[in-house]
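Each chain gets a letter, A, B and so on, in the order its sequence line appears, and its residues count up from 1.
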Amino acid sequence: MSSPPMLEIAGLHVVFGGLHALSDLDFAVEEGEIVAVIGPNGAGKTTFFNVVSGMVKPTQGQIYFEGRSLLGLDPNKITARGIARTFQNVRLFANMTVLENVMVSQHCRTRQRMLDALLYTSRFRREEEQVRARGKEVLGFFGTRLTGYRFDQPASVLSYANRRRLEIARAMATSPKLLLLDEPVAGMNPVESAELTQLIGKLRDEMGYTIVLIEHDMSVVRDISDRVVVLDHGEAIARGTYAEVSADPQVIEAYLGRAADGN
Amino acid sequence: MNRFGILTKARQKRRGIPLLLALLAVFSLLAMSCGNDDDDAPAAPEATAAPEATQAPAAPEPTEAPAPDPRGDALGDGSLGIVTVSTGEGIQIRSLNAISGPVAFLGLPNQRGVELAIADYGDIHGFSVDLGTPLDDLCSAEGGQAAAQTIVADEQVIGVVGTSCSGAAVAASPLVTQAGMVMISPSNTSPALTSDFEGNPGESYNVGYYRTAHNDLVQGAAMANFVFSELGISAAAALHDGDPYTQGLAQAFSNAYEEVGGTTTGIVGINKGDTDMVPALTELATGSPGALFFPIFPPEGDHVAAQAPTVSGLEGTQLLAADGMLVDGFLELADSEGMYFSGPDLRFGSNVNQGTGRNADQILAAYEAAYGELPSAAFWGHSYDAATLLLDAIAAASWVEDGDLHIDRAGVRQYLSEVSGYSGVTGSLSCDDFGDCASQKITVIHHESAADIEASKNNVVYAYP
Amino acid sequence: MQLTAKQRTRVDWFLTILRVAALVLIGAGLVAFVAQVVDSNNPFARWANPDAINLTGRQFRDLVVAGLAQGAMYGLIALGYSMVYGVLGFINFAHGEVFMIGAVTGAITSSKLAEAGAWEDNFVLCLLLVVVLSMVVCTITAVIMERVAYRPLRGKPRLIPLITSIGVSFFLQNFILVLLGPGTKTYPRMPEWLTEKRTFLEIQGTRLLVLAAAAVAMVGLWYLVERTKTGKAMRAVAEDAEIASLMGIDVNRVIVKTFAVGGAMAGVAGILWGLLFNSVLHTAGFLPGIKAFSAAVVGGIGNLGGSMAGGLTIGVAESLGPLVILEPLGVSGPSQLRDAVAFSVLIIVLLVRPSGIFGERLPSEERT
Amino acid sequence: MTAVADPMAASTGDTVPETVRRRRVLDQNWRELLKVGAILMVGQVFIALSGMPVSFDRRLIIDPILSLGYLSLLWLPLVVGYAVGREQALEGMMAYTKGGREVLAGAITGVLGNLGLTLLVVGITHFDIRDPLVNWSPQLLELLEFEQSVWFGALIWLGIGAATGAAGGGLHWVGARNRRTVITVIAAVSSAAVLESVITDLAQGFHIEAVANWLYAPKRGLTSPAAAVVAGATILAVNAISALRARAAHRLVSAAEASPTESGSTRGGRLSPRRLAGFALTVAAVIVLPLFLGRLTNELLANVGLFILLALGLNIIVGLAGILDLGYVAFFAVGGYSVAVLTSPGSPRFSPEMPWIGALFIAMLLAGLVGLFIGAPVIRMRGDYLAVVTLGFGEIIRILLLSDWLSGTFNGAQGIINIPGVEIFGLTTVRGFEPRSVLYLVLFFCAIAIYVSWRLENSRIGRAWMAIREDESVAEAMGVDTVSAKLMAFVTGAVLGSFSGAILSAKVGSIFPHSFAIIVSIVILVVVIFGGMGNIAGVIAGAAVLIGVLGGPNQPGLLQEFAEFKILIYGALLVWMMLQRSEGLIPSVRRARELHTDELNQDAWLRAQADEADDASNPGVLDGQGPRP
């Protein structure tokens, strides 16, 4: 690939009051890849997502998306550029309906003005229809779980797994190029987890998303990731395929060794 | 007063209605619904007198030949309509004062003054007087307007004693007067509501508006003359609290003072609720005024009096205040010693209200007995006088016929406009062409000792005019 | 450390302009004031405001002292805001009313004592009694308030207790109004030695007393929070109530204690208010309460020293600001704008330093 | 709750034992009774000493029998008597039948509570502490004694306490349906009495004065026979309605069973035909009714309308976008003053004497700019800082309008007077003298405000506001430009608020800075919260009930006797609302969800269980409960 990587991070430092959450991180994602970021708790994985999505300002370093710097952009501008994320501790708009959740996240892809809404212009009606249709489409990606009568249910009544699914749908609705998934299968049972893993594969293959995911579940990481980056204490201690990484003694010591005991 | 099962007041007789009648009424209404659009629309604003228009009860003259007989010498030409009070009903008048909120201290004594006056006055031609629910002007234009709508909606009402606040009167008086009623205020002092004494009606003057309170212009001039001529001080400052009344009075003082040759070194506003007056006083101090006039109210006035002597540059400044500060609580403070107070002549002494024959002491005694405290502001007497004026006017403009009382609205106005030398507790009242009825006598008292405030209240050192 | 290049939106530009404009205005006012003092005929002073008044040194000092005394009072009330904010993370709007109740209690008891003749005979003892009584009443009020209005709302979205506290505030204010009437409640006359105008450095005795009392209260509170077990528990709850409860701290007790201490402080402030201004009204708590909260924010909420500093800042600013900044700029009747100045201080501080002057951290967004 | 509990009991498979049992009458929780009695005592004494009974005694509810003053002393024992018998009904625990025990408990608390009044009677006769307590007065004593002797007064209140308390407790005994009926009857009779002036007015409009004459003793409340008839009619109506309801519910359930998928979504701003019909009917009524109303009611409604406008504006800021703006009165002031300055010949410096409509556009523009100006610095602040800073802005604007500094333009304390009315295309002039025309003007703008609120709520910006209210940082991460969305909320709210100010100017004909104090902001906030944040219908209902009955900060309501107690009641109502029913009178569906998430979650959990059980791919596994690998 001659073109620059889709996401490129160079020399990234994040310091919280003396604590180095991330130090000198270099990272790149090519278009169409699925990259897993793993590491023990507190390794800086979520901070890494926060920085990329603009919710945390880096202390030092550069972030390029499709060759353009993301530094200093507000999160909504970054989303508009084509990066969407989910949250580790599911953060839905709990009192909005399922459909509204995916409609609101198309905000940056729609253009209607207040005046359109007030005058009920044809542009408004057309766009509302599109937003609604697109919302139903992304919800339909998860089978019938989020469709039908679910459309008008408040998000707060969904089951845990469905909330995770809705969060992914909400991120998809922003029409991103790069999807950041923070522990997408956490709290799911093995069957659900396998199903979702399959869907994430589909996301890349059929929808063409590039995906970075944080995951603790090694079976998921093994199944879908093209590459794995291991973080520990804010530093990337290993990168490569799952096989390579899992053989790395440093990684085993830092992470897999303990996890393997647990399994 | 009404208690469980105890009914002290005669009830109005009621007609039972058969259901059929009600149904009929509904149908007739449906039939007429297009036409009844205007039945209670007010008279057009331009026409203050709408003869024979809205007043429902028919005037007796055209129907009965020997009309002059029952009518006797009741005043009025019927041009504003005639109100009929049937047997067993009361004559409706209203009180409209600020009885809630931060200015309740001003409005409550007014309302109570009216209540006492009605009690003392007794019946008119055998008909009792009904004050209804005391209305609240909320000391605001909106409140005054809404209350005025309540008043004018009842076509039986003859007149209103109120408002407390000039701002409320601006909105209320056009409504009330255009309905043919009269409005007598015990405590409005703004020149805009009456006139400037030079024949120019104020911006908000309406025919049918009267007041027993003085005009600010008089008080401003009185204080200005006193300071300049009597005290011989040629530079003075004024302070107000952002209230239309205090601001207007401070301004009137300043204008009059410059007119007589003095120099106003500054007019400064504070805010209601302020406690630390040092900044405002320092601002005034930089002009080195010889006198400081602060026509405001407690508690801000207390703070001004207490803090002024501590402010560098105001140590020797003579402090002066207006009737608003003329309350016992303030006079008892050492800070107030040596101050001068302007205000309506409150030496009621042996003045007797000619309507009820009571003097100030008797009224105050009744006040304390009924309400358990002495009045919290000075205008209770003006209010008492305003009420008896209204009642006298009603008595003069009404007659009994077939057991009903008829009151001529125009007669009520005629009586009030002709008031001259009326003896009230507040002095001799005479109404001018623009409704200023007060004696307009302003006195300045000198408060010499906080230990003997009664002596100070009578220690009049200057009277104007 | 490399500064991240922040892309500026239109709002950011607008805010920058606002910040600059505010600072330029303040600066221009100050310069004009100094120019005025140096030589009232110099061209700049004449251009800024030809009629500008000239403060004498004494007047300037008096303004500062009056501002400090008023500010110390704000600071004392602000301590209560700050403590409750620290522990519960919401503004207890009604705290100003607690202060008012303290002042009213003081007015009633002291005038009763004066009626009995004790006030003049044994002033210091009476004053102590009044202070203690007022603290007790305020503490009880604060604790009842917490129990009835706030405890059931713990864990609700953060706007809910805030709105409730506005309701409590208006309820308490009018509770006093309907029970005690709209009249001013006055304090009996103070002994000469206290009110004397030139006790020390030609400053009024009462003002000195207020400053001293504020300092003592401040130190006492600092000791309580930093050195005692209760204080440690408070800080723990402020940090994370859930974890504190896991560590064996009775969160409810700590919260009640916080309210009680805040109430007691308000009681002291109420009496000082009475001593300084001699009278109190049922509305006396609202605006000082809001300003005290502003003080807490200006100083950096949750920081006790900051609250006191914020109080003094606001007090001095509203005392000096009109004459030192507005008046030289040609604003007529600037004293009338003092409340506007106080709120402007709050707005400008938040514009320039969103966490307040001494605020190190913003309490975490997530806390509800 | 029961809906949740039943299936749970079933799912656990336990056979629930017969838990219903009767308790002995004397089997009371005495400590609790003492405690509640003491609280009631404090409450009763407070009400008595607040002066309510004396001030309210002027207004009668039922002509010779009951005045509002006495009612103010009767309702609390009734409510507390009821409350003391209430128990949290927890499933699986003992449930007891209600009966004599509750009546006794109510009676005991009632007696304890009214013991306060007895002590008060004795106290007032023996001591004089009027110095601090202004209402410790002979009038109060007279009222408490029923103008009889001290001992009569002292004892009768104990009896009354026992009776009202027992009646409260008895409400448990009579069963839910009768209880509802009783409560509705009480509400109906008292609102009929409160609405006296409106109903009389309406009767005049429809030329059925006879009905009003029969219903009411003039200005003295309902007559006793009328009260009886109202009560009877209410009972009939309640029964009829509950029968209808039951049938409707039955139909709904069967319909839902028939087609469980794709419930008819009304989102997207479209109305179902039935709602449309109801809506059209309401509109027609609103347009026609003022014709039949007298000036009093029209004036009242015009004031209510002004507050509806303000509340709808604030609702966009607080209810939809979740920004607690305590300085909303600023926009009201900007609207009012812009119109005053531009139209009045009396405005000091600048007096173009524009027509009102032209001035309105400028007022809107200015309000929008002020909205931006206030909004920009505060939108990034945390919620509670924002509240205080907006409050500060509101005060700054009032202080500037009042100041001598700007009195050259705004005339300072003297306000601007002689503001002309609203000339409508040369056809007619609307001014304060004719409340009906003012009402139509207000209604017109209310319609605009309702339309704007409704359209925006269901649009891109409305969804953005709601997302911000839910979770601002997530909203931003999902691509919502929170800064501009919040600014838009400010601007929209500001423009709606300026309408109200502009109408106020023309209506009153004069304007004073005094009208824009902090309390106005607070009252608007109470209206929004009382009615139901984020809900148009709720906001309207809130304004109608609060402003109509109690009155606004500068406007009297139907119960003018409440004037002194208005803010007290507003304060208490705000607290009570937050504690008991924070979603408001008519909650927005969303708000209710937010505040009762727990219950909904339980509902949904059960439903999800059922769903997942149906799901063929992973039968039998509970969702979200799977073990982590």
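Your options are B/Gly242, B/Gly132, B/Gly143, and the one with the most heavy-atom pairs under 4.5 Å with chain D is B/Gly242. Between chain D and the residues B/Gly269, B/Ala171, B/Gly167, the most heavy-atom pairs under 4.5 angstrom are made by B/Gly167. For the set B/Ser204, B/Ala153, B/Pro244, B/Ala147, the entry with the most heavy-atom pairs within less than 4.5 Å of chain D is B/Pro244. The most heavy-atom pairs under 4.5 Å with chain B, out of D/Ser515, D/Pro138, D/Ser197, come from D/Ser515. Most heavy-atom pairs under 4.5 Å with chain B, from the set D/Gln414, D/Glu209, D/Arg59, D/Lys566: that is D/Gln414.
Neither the backbone nor the side chain of B/Asp137 comes within less than 4.5 Å of any heavy atom of chain D. Of the atoms belonging to D/Gln555, heavy atoms from both backbone and side chain fall under 4.5 Å from chain B. Both the backbone and the side chain of D/Lys507 come within less than 4.5 Å of a heavy atom of chain B. For chain B, the nearby parts of D/Asn554 are the backbone and the side chain; heavy atoms of each come within less than 4.5 Å. The contact between B/Ile99 and chain D is made entirely by backbone atoms, counting heavy-atom distances below 4.5 Å. Neither the backbone nor the side chain of D/Ser137 comes within contact range of chain B; no heavy atom of the residue lies under 4.5 Å from a heavy atom of that chain. Residue B/Ala168 does not touch chain D at all, counting heavy-atom pairs closer than 4.5 Å. Only the side chain of B/Asp136 comes within contact range of chain D, judged by heavy atoms closer than 4.5 Å. Only the side chain of D/Leu504 comes within contact range of chain B, with heavy atoms under 4.5 Å apart. Contacts of D/Pro290 with chain B are absent, with no heavy-atom separation under 4.5 Å from either backbone or side chain.
Every salt bridge (charged side-chain N to carboxylate O under 4.0 Å, His left out) that D/Glu395 has, sequence neighbours left out, goes to D/Arg398.
Between the side chain of B/Thr194 and the backbone N or O of B/Gly202 there is no donor-acceptor pair closer than 3.5 Å. Between the side chain of D/Asn298 and the backbone N or O of D/Leu293 there is at least one donor-acceptor pair closer than 3.5 Å.
Residues B/Gln149 and D/Glu299 have side chains that bring a donor and an acceptor to within less than 3.5 angstrom of each other. Side-chain polar atoms of B/Thr264 and B/Ser254 form a donor-acceptor pair below 3.5 angstrom. For the residue pair D/Ser50/D/Asn135, the side-chain donor-acceptor check at 3.5 Å is not satisfied. Judged by distance alone, the side chains of B/Thr189 and B/Asp216 do bring a donor and an acceptor atom under 3.5 Å apart.
The pair B/Arg94-B/Asp154 counts as a salt bridge, with a side-chain nitrogen and a carboxylate oxygen less than 4.0 angstrom apart.
The aromatic rings of D/Phe146 and D/Tyr70 lie parallel to each other, their planes meeting at an angle below 30°, with 60° marking the opposite boundary.
No side-chain heavy atom of D/Leu222 sits less than 4.5 Å from a side-chain heavy atom of D/Ile61.
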